[in-house]
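Down below is the structure, laid out as structure tokens.
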Number of protein chains: 2
Amino acid sequence: MSTDQPTRRRLERMDDLVSLCARRGFIFPSSEIYGGINGFWDYGPLGAELKQNLKALWWQRVVRQRPDVEGIDSAIIAHPRTWEASGHVEHFSDPMVDCKTCKRRFRADQIEDERCPEAPKKRAITDCDLTDPRNFNLMLQTQIGASSEAASTAYLRAETCQPIFNDFKRVREAARQKIPFGIAQIGKAFRNEINPRNFTFRSREFEQAELEFFVHPSEREKWFEHWQEERLAFHRELGFDDDHLRTRPHASDELAHYARAAVDVEYLFPFGWQEIEGIHDRGDWDLSRHSEYSGKDLGVTDPDTKEHYMPMVIETSVGIDRTVLALLCDAYSEEEVGEGDTRLVMHFPAGLAPLDVAVLPLSKKLAEPAHALEESLRRRFNVFYDEAGNIGRRYRRQDEAGTPFCVTIDFDTADDGKVTLRDRDSMSQDRVALEGVAAWLSERLEA
Amino acid sequence: MSTDQPTRRRLERMDDLVSLCARRGFIFPSSEIYGGINGFWDYGPLGAELKQNLKALWWQRVVRQRPDVEGIDSAIIAHPRTWEASGHVEHFSDPMVDCKTCKRRFRADQIEDERCPEAPKKRAITDCDLTDPRNFNLMLQTQIGASSEAASTAYLRAETCQPIFNDFKRVREAARQKIPFGIAQIGKAFRNEINPRNFTFRSREFEQAELEFFVHPSEREKWFEHWQEERLAFHRELGFDDDHLRTRPHASDELAHYARAAVDVEYLFPFGWQEIEGIHDRGDWDLSRHSEYSGKDLGVTDPDTKEHYMPMVIETSVGIDRTVLALLCDAYSEEEVGEGDTRLVMHFPAGLAPLDVAVLPLSKKLAEPAHALEESLRRRFNVFYDEAGNIGRRYRRQDEAGTPFCVTIDFDTADDGKVTLRDRDSMSQDRVALEGVAAWLSERLEA
């Protein structure tokens, strides 16, 4: 096997990734045995670990490492007034038209070049018998409580930031924080997207990691800059190619109703440049609205100048599922190795990879020392054990899972006390003493 | 200050805990500024870390440390057929009666000794003009999709285990697991409880950590025993007093429709013995029903005997919020220290406590070396920095937060290179070299 730079073919068709993800258990449709449910996805064993590692890194960088950020974990269902104050009940909708013949619904602003699904060769949708456009709210509703007359309507949160604004005063006081400081959380959000598409990119249930950073009005530009730099550094730490990562400021006519300025962090997916994170100057929109709707003053008083003011909010909002998808796309590689042989390998950054290390005895007869090593490594690492099949095929399976290192125990191990450590990316092999394996791995896995 | 065993008063009234939790930002009502929403709670900075530490420990013990368990992370919303197959659409309901006068709704089996809320002194509810009992399904419903005729009804999952059964075949094949093995996940579930009560104990949105362990029919008793022992050991690791922890087997008339045997792990809360975890022998109920409803055979073939059979399921289901509540109750202590002085201290086990260590410079003049220490510790620990107020008051604040250790930097530190490490429980103090602080903490925090 050569350690020369192999020819690398990057992901071109999403179908290749979708199929790998199902086969290896990264991500597959929710309720697959019932034919799936459009816009909902389940993370399998490898996907769940990858997503969890990403969330843990974000929490470490944004919350635990910063004295000026507090983490919370709020309920998905909040008081419905929350969503009136936020503007979602009024504004969070798409204009829709219904076809009077087939009863299908379409986004009014997306039918220009589309064909009628009933007769795609004969008709453009614009030629169908359509209703006038009506607004269709994207929030998922439910009924809670048990009054027999009118159960009360509640909403599944459409973004994780609104509960942060609800809790702003309580958290500021309990944590004794002063402006500038932030509140962050990771959690599920829901939107009834009309056309879920591009694998997990646009789905109806998704996970966000959001930070709302509260600043004095005179400092908003400074902090807007600060968080752009911080967040871009985070995405670089995820190992994304510079060619596949860019920031894009919003034009003034693109801004949401609450935003005074916005910059997207975009990744170049096989389906084009798309947002994986948004950095927004939300001004005092949210705190002012919640003050008005709740009757509670969410303003703060400067302890030195005694000025009473409404803090401005700089928001960083990363789509966890989208970033996992970018990690999967970025890691994907088909490579020629040896004569006419190819491998599919996922080049996840060490530390984010679902598995840290695989323990592979060369023969089942070596199971005992291999299990002993496996067990000792499990205390600190995410370990996979595999004793079935020839060693080349086992390496390939770990390449597909993106496992950075494999430890092979062979018949020399009993004599020289050494094992072979094989590197996923270079395929190079090191002989390392058994008792040094944990330290060897720590050095390479713990940044 | 004495290091003798202090007089300890345990939590007696839940109100004391509820008030501490709000004041210090462990847990408070969701949407508090809007008057709250019954049955929904937010975790503040300390509560979010405590809950996260508990979930991480469960994941480590149940998933990462075991070669025979795979973790997943499924969508909250599954195909609605899932809940028909599981029996929830038909059976997951309480019998309710409505008062024809005030329109309130009550659980038919809970009105025996209750008073009418409109005229509690005059009337028992049983004397009100009530409707006949009707079944009221506890699942939260929503509508998804965008057909103009009939949007489709979906349910927020009522338990995290059903998506595990949906994904059983996919995960088994992708992870190349053989019976016996398990699939686990942690996540939100929702039930429209009629009477949310006892702080977070019975709420409408809650988090579960569930393991479904699939076994051959001949081995179910063995594994049912195994998981009882494992799970009890887990709760002992959480530090619960033996006096406050017990198992209680269900009588045959208590069993749910799917269960053949069940044992509750119960904790003695101030409001009585209550379940924090259930261990269930679910038999082949779930896999058989999902096979029938989906038309997909979820049975397995024994690779040696070629026997084709439906695996039996041993389930362990822990309520994360309930266990956090038990941790809070168990940790709570009011103690006399010194002459007539008292402290409120949360004796969380090290490693589960929201904060690992507080860095406290004796004077603001020592902020520079204190910040340097703080920053170096943040890489590995959850650190709090506090330079305001007298040192006794700062220790008390950390006692209330349950922070196991405080590092005090004083004016001798510059000379002797040592700091004071103060132990939360014994209040004893050690002088430790600055460069040895991280190792001193690691030894005590990382089990």
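The sequence lines fix the lettering, A, B, ..., with proteins before strands; numbering per chain opens at 1.
Within the 4.5 angstrom heavy-atom criterion, only side-chain atoms of B:Gln60, from C-beta onward, approach chain A. If you measure heavy-atom distances from B:Glu173 to chain A, you find no contacts under 4.5 Å at all. B:Arg66 touches chain A through its backbone: at least one of N, CA, C or O sits under 4.5 Å from a heavy atom, while the side chain does not. A:Gln52 touches chain B through its side chain: at least one heavy atom from C-beta onward sits under 4.5 Å away, while N, CA, C and O do not. Neither the backbone nor the side chain of B:Phe206 comes within less than 4.5 Å of any heavy atom in chain A. For A:Tyr34, the parts sitting under 4.5 Å from any heavy atom of chain B are the backbone and the side chain alike. With a threshold of 4.5 angstrom between heavy atoms, B:Thr82 approaches chain A through its backbone and through its side chain. Using a 4.5 Å cut-off between heavy atoms, A:Glu374 touches chain B through its side chain atoms alone. Looking at A:Phe168, there are no atoms closer than 4.5 Å to chain B (heavy atoms on both sides), in backbone or side chain. In this structure, the portion of A:Leu156 lying under 4.5 Å from any heavy atom of chain B is its side chain and not its backbone.
In this structure, the side chain of B:Glu205 engages the main chain of A:Ile77 through a donor-acceptor pair within 3.5 Å. Here the side chain of A:Thr142 pairs no donor or acceptor atom with the backbone of B:Leu140 at under 3.5 angstrom. With hydrogens and angles disregarded, no donor-acceptor distance shorter than 3.5 Å links the side chain of A:Gln65 to the backbone of B:Arg379. Of the possible polar contacts, one joining the A:Asn192 side chain to the B:Gly145 backbone as a donor-acceptor pair under 3.5 Å is found. Panel note: side chain A:Arg170, backbone B:Ala22; a donor-acceptor pair is recorded below 3.5 Å. For the pair A:Arg378 (side chain) and B:Arg64 (backbone), a donor-acceptor distance under 3.5 Å is present. Side-chain N or O atoms of A:Asp42 include one that pairs as donor or acceptor with a backbone N or O of B:Ala75 at under 3.5 Å.
Ranked by heavy-atom pairs under 4.5 Å with chain B, the first of A:Gln162, A:Arg24, A:Arg23, A:Arg176 is A:Arg176. Heavy-atom pairs under 4.5 Å with chain B peak, among A:Ala401, A:Pro29, A:Ser74, at A:Ser74. Of the listed residues (A:Ala184, A:Gly25, A:Pro45), the greatest number of heavy-atom pairs within a distance under 4.5 Å of chain B belongs to A:Pro45. Between chain B and the residues A:Ala174, A:Cys102, A:Ser291, the largest count of heavy-atom pairs under 4.5 Å involves A:Ala174. Per-residue counts of heavy-atom pairs under 4.5 Å with chain A were compared for B:Tyr385, B:Phe384, B:Tyr293, B:Phe165; the largest is that of B:Tyr293. In terms of heavy-atom pairs under 4.5 angstrom with chain B, the leader among A:Asn38, A:Asp73, A:Leu298 is A:Asp73. Per-residue heavy-atom pair counts under 4.5 Å with chain B were compared for A:Lys296, A:Glu207, A:Glu49, and the maximum is reached by A:Glu49.
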Go through it in stages, so that I can follow the logic: the residues are B:Tyr43 and A:Gln185, the test is side-chain contact (heavy atoms from CB on, under 4.5 Å), and I'd like the CA-CA distance, side-chain angles, deciding distance and then a yes or no.
CA-CA 10 Å; B:Tyr43 288 75; A:Gln185 81 166 325; over 6 Å; no
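In this structure the side chain of A:Ile33 never reaches within 4.5 angstrom of the side chain of B:Asp167, judged on heavy atoms. Proximity of B:Val171 to A:Phe28: side-chain heavy atoms (C-beta onward) are separated by under 4.5 Å at one or more points.
For the atom pair CZ of A:Phe190 and CD1 of B:Ile76, the computed distance is 4.0 Å after rounding to the nearest 0.5 Å. To the nearest 0.5 Å, atoms OG (A:Ser30) and NE2 (B:His79) are separated by 9.5 Å.
Using a 4.0 Å cut-off between charged nitrogen and carboxylate oxygen, A:Lys169 and B:Glu32 do not count as a salt-bridge pair.
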